[in-house]
Amino acid sequence: MEKYLKFRKELEKLKVYVPGKPIEEVMKEYGLTKIVKLASNENPLGPSPLAIEAIKKEALSVNIYPDGIADDLRIKLADYYGINKENLVIGNGGEQLLFLIAQALISEGDEAIMANPSFALYDISVSMMGGKVVSLPLDKEFKHDFKGFINAITDKTKIVYVCNPNNPTGNIMTKDEVEYLVSNIPEHVVLVLDEAYYEYAIRNAEYNDGLDILKKRPNTIILRTFSKVAGLAGLRVGYLISSPEIITEIMKIKGVFNSNKVAQKAAIASLDDADHIKNTVDLNYESLGKMQKFFEERNLYYVKTNTNFIFADMGIDSRFVFEELMKRGMIIRPGFLWGEDNFIRISSGTMEQTNQFLSALKEVLELKK
Ligand SMILES: *Cc1c(COP(=O)(O)O)cnc(C)c1O
């Protein structure tokens, strides 16, 4: 086939994403009846009951195309944040929006600066467009190296990505740190602030709210999602907040019906359920607090987190910890995936799941003593 079919050369460098083993397969392989998955930063409480109601209701009319510009949801979000609907575009998850940002901005040879390890889609989306990825290692405290970012900026730099809080490490960049970056990057560079964990992070008074930056710097794009705190990961809905000029360009290429009808209605309903959001974040910090205590008692280092997961150093190979936890019905993410061999990333769970995880981890750590 390669004799006559030529794909874009950018695709040569990309690999097909290999998802984790399906839960059913793991159950069969290890003879388990129940599996707890604390691997994908999903909401352990599920979606809001209001969202479930909206989903059921909307199911009756999925023969009708969605509102292509998601006007109701944009008006709702605009009201929620005190901005205008012209500042918003809805996407098929944050994932689609990251691809759209690269499609709108990156031509061959353009450069994009990002941290490593961070969210993998920045690299993939920029590479796909023929852009050059300039990735700078996190510093000793697992923070973005903003000094390095500023030094790395050239005439070709189009985008600077800041994952705040960072995935997979969970820590935030503070207001002062983001201010320092902002005051040192040229106007022509688009600053992308990925705030997928915004609702968890704003509990920390030091956290930088991207909206404060956007007000002063129109060349800024904020990414948020309904996948995490709202528990709608399976419906795929996220949004960008930016200046109308940038939103208009993204709108041109987003796909006519990119966000679906059910997702739009569920997202609107979840914004009405402040209790669900509060309970989700409360439970999150209770679950993570218990994990932190466990690590502290054993002198295991962890990165201070303001997300719904925690990145912790087990002192032994994460492949071993991952395998042994899986035998005990627990799925987490092993750090070797990000080049941090002894770390694991664990999502918060219900308290029952948290206790189950910690007793399994206790057993696993004792195997290596
Ligand atoms: C989860 C996540 C997103 C977006 O996820 P979607 O489910 O595609 O909305 C974006 N950035 C980071 C860092 C994330 O962890």
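Residue numbers start at 1 and run along the sequence shown.
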Handout entry: The single option from I172, N284, I310, N204 passing side chain to side chain contact (heavy atoms under 4.5 Å, CB included) against T305
Key = I310
Fill in the blank from the handout: On a heavy-atom basis, the closest approach of A102 and S125 is CB-O, 3.4 Å
Problem - Aromatic contact, F146 with Y180 (centres under 6.0 Å) - result: no
Problem - Cation-pi, Y200 ring and K228 (6.0 angstrom, 45 degrees) - result: no
Exercise for the section: Take N306 and Y285 through the side chain to side chain donor-acceptor pair (under 3.5 Å) test and state the conclusion after the steps. Expected result: CA-CA 9 Å; N306 282 113; Y285 284 114; 3.1 Å; yes
Exercise for the section: Decide if the gap between the ring center of F343 and the ring center of F142 is smaller than 6.0 angstrom. Expected result: yes
Problem - Side-chain (D123) to main-chain (A120) donor-acceptor, under 3.5 angstrom - result: no
Exercise for the section: Would you kindly say whether N260 and R236 are connected by a side-chain donor-acceptor distance under 3.5 Å? Expected result: no
Practice task
Evaluate the criterion side chain to side chain donor-acceptor pair (under 3.5 Å) for residue pair S347 and N308; output intermediate values, then yes/no.
Solution key: CA-CA 6 Å; S347 308; N308 63 355; 5.6 Å; no
Exercise for the section: Consider only side-chain N and O atoms of Y122 and D194, and report whether a donor and an acceptor are under 3.5 Å apart. Expected result: yes
Handout entry: Given L223, L214, I247, L193, the one that forms side chain to side chain contact (heavy atoms under 4.5 Å, CB included) with I241
Key = L214
Exercise for the section: Answer yes or no for R333 and F309: cation-pi contact, defined as NZ/CZ to six-membered ring centre under 6.0 Å and angle to ring axis within 45°. Expected result: no
Exercise for the section: Mark yes when over 12 heavy atoms from residues, nucleotides or ligands other than K265 sit less than 6.0 Å from its NZ; otherwise mark no. Expected result: no
Exercise for the section: Look at the side-chain heavy atoms of Ile, Leu, Val, Met, Phe, Trp and Tyr, link any pair under 4.5 Å apart, and say whether L77 and M251 land in one connected group. Expected result: no
